[in-house]
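Everything on this sheet refers to the single structure shown next.
Since the structure is predicted, the reported quantities are computational estimates derived from the model, not experimental observations. Numbered from 1 within each chain, the chains take letters A, B, ... in sequence-line order.
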Protein chains: 2
Amino acid sequence: MSQQRTKSQTRTAIDGLKELIFSGELAAGSDHLETELAARLGMSRTPVREATLMLEGQGLLEVRPRKGVRILSLSVADMDEIYELLTELESLAARRAAAAGYAKADLKCLEDAIDNMETALSEEDREAWARADEDFHTELVRLGGNSRVISIVANFNDQVRRARSMTLYIRPLPEKSNEDHRALLDAISAGDQELAFKVHHEHRSNAREMLIALLQKHGLRHV
Amino acid sequence: MSQQRTKSQTRTAIDGLKELIFSGELAAGSDHLETELAARLGMSRTPVREATLMLEGQGLLEVRPRKGVRILSLSVADMDEIYELLTELESLAARRAAAAGYAKADLKCLEDAIDNMETALSEEDREAWARADEDFHTELVRLGGNSRVISIVANFNDQVRRARSMTLYIRPLPEKSNEDHRALLDAISAGDQELAFKVHHEHRSNAREMLIALLQKHGLRHV
DNA sequence: GCATTACATTGCGTATACATTAAATAATGC
DNA sequence: GCATTATTTAATGTATACGCAATGTAATGC
């Protein structure tokens, strides 16, 4: 995205730590001393410390003095909480997007994302599908136009990212999903606020239930 | 609340800065250098810096390299965004509280808050009313039981605190407010999820519209 | 052998020193 | 005079030093 000429060490630490967390190199539940992380990232403790404080604020880890920072793991109950929150906020965004009276051109990103999901589905390319699905949801929230909602949703998407990629290959192919996406797009196009809200709320609720059931079925108590 | 034996300097800085911001001593929109704040708080730059980074994460200020930290002011549009978000999240909490099947004893805090508001109203004690109103809303969200929602709502309440206290004496006395509160309490008691959601959503929407209109009427473009 | 206390270790919180670089100012050429 | 470039200033970003307090370990008493 936006490239600074010289990326600050703190920025590097934040990005580096997030990457290490998302990739699982820093496992959920594991503890790491500031010194260790600093050495790992090739910098002094100061920017690492700043980064961990910020990531703590974002709910990705917990700073536990003298025990190291703990990479947070999410219980099923946590996932349920987060999905409930995302359901509500995305549905709010859907309603607002419908209210905004967007022209067809404004909704092109949504269209594209849906097309990409369809292609990915037919090719059974789960990674591509997941990317397009995230695009769709991100764009939907953006169209909602509430900047606070946008950043909260982005934050919690980060938090569940690991869980998503863990379940990507054990979940059923989301065949029905795109019907919902198209229905939502139609509702937004038509400016039908309540329908947009309702369609997306149900879509998200279903996804939530599916995911929770999946986690329980596979005994994934923590992700 | 929870007292540390020795409060860390960073903690002191956070609390101190928040206090200075809420009280208006650090005015909305004003800029302050790290060194200045450090001197003011009687500590070195390090904990001040950590505090400002965390408060930036909480949306209370913005760190602008070489220009100092800027205390954020909220435009009317910002207030609108935040109130929209709070409306949705509190209404979600209301629905969940209704779903939880709380016993009468569990809802005592809500009852008390309503009583306190009534007393405060009859005595025209606006400060007391505001405290009780905040108690009510905080407790409602707590009863909702979603810890993410709880902390987000607390965060945004901090952000609008200054605006609230600014408008406290120019707004009309909230005579009707308590009817809504009681109706919500009844809905929660009765376990009527949709009613609880609806009642509170409307209550909040009204409060939002009143506040926005008030800000505009008084030409308060930034608070 | 167990509990308790003294001791050693070490990770963190904070202060401070220093390098970097954006901004402000002065100087130069036209 | 104006624009452009060189210089200075100063606030930040980062490294480092250091003391404290928490944790683990050894020593002591019973």
Side-chain angles (χ1 to χ4, degrees), chain A residues 1-21 25-73, chain B residues 1-21 25-73:
Chain A
M1 303 287 169
S2 61
Q3 280 276 28
Q4 296 273 25
R5 272 221 321 284
T6 51
K7 203 159 126 180
S8 81
Q9 295 289 72
T10 303
R11 187 73 251 160
T12 309
I14 292 172
D15 295 345
L17 288 176
K18 279 176 97 165
E19 187 48 41
L20 288 171
I21 292 170
E25 267 184 85
L26 297 182
S30 61
D31 295 320
H32 306 273
L33 299 177
E34 287 180 2
T35 319
E36 173 212 326
L37 294 174
R40 194 156 182 170
L41 295 167
M43 59 183 68
S44 84
R45 273 176 54 220
T46 308
V48 171
R49 210 178 137 76
E50 293 188 349
T52 58
L53 288 173
M54 298 181 83
L55 293 179
E56 181 175 45
Q58 290 174 36
L60 287 177
L61 49 81
E62 187 187 1
V63 175
R64 309 162 69 228
R66 286 166 197 284
K67 309 209 168 166
V69 293
R70 165 156 302 176
I71 311 304
L72 283 189
S73 69
Chain B
M1 304 291 163
S2 63
Q3 281 277 23
Q4 295 273 27
R5 272 219 321 283
T6 51
K7 204 159 126 178
S8 81
Q9 294 291 73
T10 303
R11 187 74 249 159
T12 309
I14 293 172
D15 294 344
L17 288 176
K18 280 177 95 165
E19 187 49 40
L20 289 172
I21 293 170
E25 266 184 86
L26 297 182
S30 61
D31 295 321
H32 306 272
L33 299 177
E34 288 181 1
T35 318
E36 174 212 325
L37 294 174
R40 194 157 183 168
L41 295 167
M43 59 184 68
S44 84
R45 273 177 53 219
T46 308
V48 171
R49 210 179 137 76
E50 293 188 349
T52 57
L53 289 173
M54 298 180 83
L55 293 178
E56 181 174 45
Q58 291 173 37
L60 288 176
L61 49 82
E62 188 187 0
V63 175
R64 308 165 68 231
R66 280 156 208 290
K67 311 210 169 163
V69 293
R70 165 157 301 179
I71 311 304
L72 283 191
S73 70

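- Atom CD in Q9(B) sits about 18 Å away from atom P in dC12(C), given to the nearest Å.
- In this structure, of dT23(D), dA15(D), dA15(C), it is dA15(C) that holds the atom nearest to the side chain of S44(B).
- Map G42(A) and R64(B) each onto its nearest nucleotide of DNA chain D; the residue landing nearer the 5' end is R64(B).
- Atoms NZ (K67(A)) and C1' (dA21(D)) sit 14 Å apart, rounded to a whole Å.
- Comparing dT12(D), dT14(C), dT14(D) against the side chain of P47(B) picks out dT14(C) as the nearest.
- Contact annotation: T46(A) side-chain N/O to dT14(D) OP1/OP2 distance is not under 4.0 Å.
- Atom-to-atom, CZ of R11(B) to P of dG13(C) comes out at 13 Å; the value is rounded to the nearest Å.
- The nearest whole Å value for the distance from the CD atom in E36(B) to the P atom in dA11(D) is 11 Å.
- dG13(C) atom C1' lies 13 Å from atom CD1 of I14(B), rounded to whole Å.
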message: Quick one, L53(B) with T10(A), criterion side-chain contact (heavy atoms from CB on, under 4.5 Å). Give me CA distance, side-chain angles, the key distance, then yes/no.
response: CA-CA 11 Å; L53(B) 289 173; T10(A) 303; 5.6 Å; no
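- Going from atom CD of E34(B) over to atom P of dA22(C) covers 16 Å, rounded to whole Å.
- At least one side-chain heavy atom of E50(A) sits less than 4.5 Å from a side-chain heavy atom of R49(B).
- Proximity of T12(A) to L41(A): side-chain heavy atoms (C-beta onward) are nowhere separated by under 4.5 Å.
- For the pair E56(A) (side chain) and V63(A) (backbone), a donor-acceptor distance under 3.5 Å is present.
- A close approach under 4.0 Å does not occur between any side-chain nitrogen or oxygen of R45(B) and OP1 or OP2 of dT14(C).
- Here dA21(D) presents its C1' atom at 19 Å from NZ of K7(B), a figure rounded to the nearest Å.
- For the salt bridge (Lys or Arg N to Asp or Glu O under 4.0 Å) test with D31(B), the passing option among R66(B), K67(B), R64(B) is R64(B); the others fail.
- The nearest whole Å value for the distance from the CG atom in L53(B) to the P atom in dT14(D) is 11 Å.
- In this model, the phosphate group of dT14(C) is approached by a side-chain N or O of T10(B) to a distance below 4.0 Å at OP1 or OP2.
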